[in-house]
Structures are given as C-alpha cells and as structure tokens.
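Heavy-atom basis, side chains included; hydrogens, waters and symmetry copies ignored.
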Amino acid sequence: MLALVCVVLSGTPASAAPLTVPDAMRLAVERSPEASAARARRDSTALEEPLLLSNLDPKVMGSYVYQDDRAPRTAPAFQGTRARTERWETGFSQTTLLGTEAKLVWRGERLVNPSAFRPLDPTVDSRLALELKQKLLRYFWGRPDVARRSRARAGTAAAESDFTLARSAAAAAAAAAVIELRAAQQLQAIREEAVADARLLLKRTEEKSRYGTAEASDRFQAQAALESAEIELLLALSARTRARHALASALREEGPADALEVSTETPRGLPAESALPAAEAEALARRPDLEASRRRRDALKWAARIARLDTLPDLSLDASYAFAGLDSSYGGAWSDMGGGRHPVAAIGLSVVVPLTFRQERLVRRQADRALAAAEAELAGAENAARRAWRDARETLSLSRRRRAAAERLAAIEAGKLKAGESDFRSGRATTDLLVRFQQDLRRARAELVRAEADESLALIELARQAGLAGAS
C-alpha cells in the first residue's frame, strides 16, 4: 500500500497536462469501481451493529377481538344461550441486552351472557400487568448479545481493511503505470536521438566516400546502423503506446489514450524509505489484507460462540404482576383496578430441550469448521506476505545497486564515444568502431532509464507490501 493513497490535488483532467504520480493516484482512487464497491460494502457492514441494537427499541402492541358464541350448551339455564365477548389489549414491549422480554400490558374483557344464575351481566374484567421473560442459559450464562455485537464490529473492521486495500491497489497500479510510461517516453527520446545520430553519420560517411576517404563498407555500415536505429525506435513507439493503454486502464479513461502524457521529471509522491517499517513483524501487522483476514477470523470466533449459545436448552424464567378489576362497565372495572386491591402474581419456569441434539451438533460443527478454515487461510496469507515482503526488500536493494552500476556504465560509455568521435575526425577510427560506440552509449542510457524505473517500481511494491496507507 502507498503512503499517498488519499493525495488531494487540484481537479485537473487526466489529459490536460502531463500527469505526475500523485495526480494519477488521486484520479485512480476516485474512479476505481473496486474502491467504490468496497466503500459500499463497508458502509453496509457498518449498519449491522446499529441493526442489532434497533431490536431493543420499544414496540407498541394492540389487539381487539369480538366473538358472538351461539353454540349449544349442556345447561342453558346456567350457561346462557348466547355469549358475546369483547377482548382487547394494548401496551408496550421491549427487549434488553440481557435478553429480558418485558411487557406492560393493559387488558380488558367484556362478557354479555344473560342467564338466570348470573347476578352481574354484563361483566367487565380489566387488568394492568407487568410481564417478564428471561432466558437463563442462553443469555445470563453466555451473553450472546456481546458475541453478536463483537462479530458485527469485527466484520466492519474487515470491510474497512478491504476498502483500504482496494484504494491502495488502485493507487499502486496508477503509480506503476506512470513510472512505466515515463520510462517509455525517455526510451523513445533515446531512440529518436539514435536515429538522428545515425542519419548524421550516414551523411558524413557519404561525404567522405565522395572524396575517397571512406571505404564502401563504411557506407554500408552507416546504412545498417540507421536501419537498426529506426527498428529500435519503432519498438519504442509501440512500447509507449502500450504504456499509455496501461495508464488509461488504471485511470479508467474510456476515451483514446493518445493524449496521455506524464512528467519526465524525477517522480514525486513516492513513499520515502524512512517511512517504511524496518521490522518484518511491523510490516505484516500493518497490511490491510492480513488485517482483514484477522478480523474475519475473529468474526468467525464470535460466530462459533453464538452457535454454541443458541443451541443450549431454552430454559426461561417467567414472572408477572398485575392489578385486576371487575364490574359491569368499563369505568367501574377501571376504577376497581386502579384501587390496587386485587393483585395477581405469577412466577414459573419453562424449558425446551431437543431430544436428539442432532441439529445443534451440526450447527456447532459447521461453525467450528468455518473457524478452522479461516485460521488456515490466515496462516497461508501470512506466509505468502512474509515472502513477498522479503522479496520486495531484496528487489529494492538490487535495483539500487543496478542503478548505481548503470550510472557508472553510462558515464564510461559517454567518455568512450567522445574519444571515438575525436579519433574518427582525425581519421584514426573507422565508421564501424564509431557506430559501435554510439550503440554502446544508447544501450547504457536505456539501461539507466530502465534501472531508474525499476527502482521506483520496487519502492512502490515495498510500500505496498509494508501496508502503508496514510494520507499526505
């Protein structure tokens, strides 16, 4: 990951001016569909814990039932011939983090059933009750609410790491594409200079041939050098075109890539080596891909705990306390209930136990297997990341030694060509020797350009392997 994923620069279109590394990184991150998808997944995952807590919101209850019963009776004189009943209830219910289901309910029942032996008709029964239901084993013993919230937080952290990884991948790809296009532009310039020098050499050789101071082989050698330089220029132009295509893909440019240019100055915005962690353990601890794997492993740990708790026997404590009132009208029943003279209390236990525990064992086994798979995947990812980090450090070290050697070689070749040109003007060197000296210098300069590009690419890769994802 790169230290400049969130670089904030002026909003200049990609084709308006030569791109720099920070420009390309910013545009790539802004336009990346992978980063947008990861952001949406992160935002969606972040809603899981609030969704769990929303189950604790109080709810309003209400119901009404009217029944007209004209079924035959065994003793109509005592039971009446027709019973009309109204039942209603209203109240509030709420569930707590401990799993306590609490209800405050107001119930009423009005019965109209004329008979010779009913002194009070109609009768109205009204009750105000507080009812509690507490799951003992599943909540008091293991607190699955804590496990569910912890699982949600681990999932959110994993999604955040995935988002960071997607941004960093987009930025790293854009930075690498800029470096490659910069190198292709420099190599094209070298090949164009080689063609120009080869044409000048051919012109001078032809002039010497007219005066008899150059052999025919010298003229053929100059012509061959020009053809070879033009072929190399053709390859350089094709490489530049492909580099433009790669940069356009990294920037999600849908139009033609012909106008894409990058700055040939020394690349800016690359992470400083001093900002990279020196210790391998620190680098692995900061990688967002490993952090996402760790968080998913943690989420599966909590999921396994939830599976164990949810498959325990359902042992619950039930309790209620109510005030009742009775009269021939609602007003009288409510007044009687409000006096608090007729309390009704109840307490008891309920239990539901599976006979075979087959489903419960399968659920637990499935959760344990998923956790074991996550542990194994994390170990494999850490091993691969460890090797990638070591390889990236070695690649950067090699690229720096290679660049230093290329600089020395280019200086030597430049001095050799200068001496050869002096000898050629004085007639002590042949065209063949001068052409070879020019080709040697072009190869040395091309090697230096490639070495500088590879050093920048190695630094980008090392920063990505180190898990750097800050803002500048």
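- Leu457 CG to Leu396 CG: the interatomic distance, rounded to the nearest 0.5 Å, is 11.0 Å.
- Salt bridge Glu291/Arg294: present, at least one basic N to carboxylate O contact under 4.0 Å.
- Counting only heavy atoms from C-beta outward, the side chains of Thr123 and Asp125 never approach each other to under 4.5 Å.
- Without hydrogens or angle criteria, Thr90 side chain to Val105 main chain gives no donor-acceptor distance under 3.5 Å.
- Remark: side-chain polar atoms of Ser44 are not paired, donor with acceptor, to backbone N or O of Arg41 under 3.5 angstrom.
- When Arg400, Arg401, Arg402 are each tested for a salt bridge (charged side-chain N to carboxylate O under 4.0 Å, His left out) with Asp454, only one passes: Arg402.
- A donor-acceptor contact closer than 3.5 angstrom is absent between the side chains of Arg297 and Ser293.
- Checking side-chain atoms of Arg167 against main-chain N and O of Ala35 turns up no donor-acceptor pair under 3.5 Å.
- Looking at every heavy atom in both residues, Tyr321 comes nearest to Pro343 through OH-CB, 3.3 Å.
- Ser54 contributes a side-chain N or O that, together with a main-chain N or O of Leu51, makes up a donor-acceptor pair within less than 3.5 Å.
- Smallest separation of non-hydrogen atoms from Ser320 and Glu131: CB-CG, 3.8 Å.
- By the neighbour-count criterion of 12 heavy atoms within 6.0 Å, atom CZ of Phe92 is sparsely surrounded, having that number or fewer from other residues, nucleotides or ligands.
- In this structure, the side chain of Gln185 engages the main chain of Val262 through a donor-acceptor pair within 3.5 Å.
- Side-chain N or O atoms of Asp121 include one that pairs as donor or acceptor with a backbone N or O of Asn113 at under 3.5 Å.
- Asp23 approaches Pro18 most closely through the heavy-atom pair OD2-O, 4.4 Å.
- Considering all non-hydrogen atoms of both residues, Ala24 and Ala174 come closest at O-CB, 3.5 Å.
- In summary, Arg240 and Glu261 engage in a salt bridge, as defined by a charged side-chain N under 4.0 Å from a carboxylate O.
- The CZ atom of Arg295 sits 6.0 Å away from atom CG of Asp298, with the distance rounded to the nearest 0.5 Å.
- Salt bridge status for Arg364 with Asp368: absent, with no side-chain N to carboxylate O gap under 4.0 Å.
- One distance of note links CG of Leu52 with CG of Leu97; it measures 10.0 Å at 0.5 Å rounding.
- Heavy atoms from other residues, nucleotides or ligands lying under 6.0 Å from CZ of Arg358 number 12 at most.
- Asp318 and Ser316 are not linked by any side-chain donor-acceptor pair at a separation below 3.5 angstrom, with hydrogens and angles left out of the test.
- In this structure, the side chain of Arg73 engages the main chain of Ala71 through a donor-acceptor pair within 3.5 Å.
- Between the side chain of Ser335 and the backbone N or O of Gly331, no donor-acceptor pair lies under 3.5 Å.
- To the nearest 0.5 angstrom, Arg390 atom CZ is 12.5 Å from Gln465 atom CD.
- For the atom pair CD of Glu407 and CZ of Arg403, the computed distance is 5.0 Å after rounding to the nearest 0.5 Å.
- When every heavy atom of Arg182 is checked against every heavy atom of Pro267, the shortest pair comes out as CZ-CD, 3.8 Å.
- No donor-acceptor pair under 3.5 Å is formed between the side chain of Arg151 and the backbone N or O of Trp302.
- Taking NZ from Lys135 and CG from Leu312, the interatomic distance works out to 11.5 Å, rounded to the nearest 0.5 Å.
- Closest approach of Leu300 to Ala374, counting heavy atoms only: CD1-CB, 3.4 Å.
- Using cut-offs of 30° and 60° on the angle between ring planes, the pair Trp88 and Trp334 is perpendicular.
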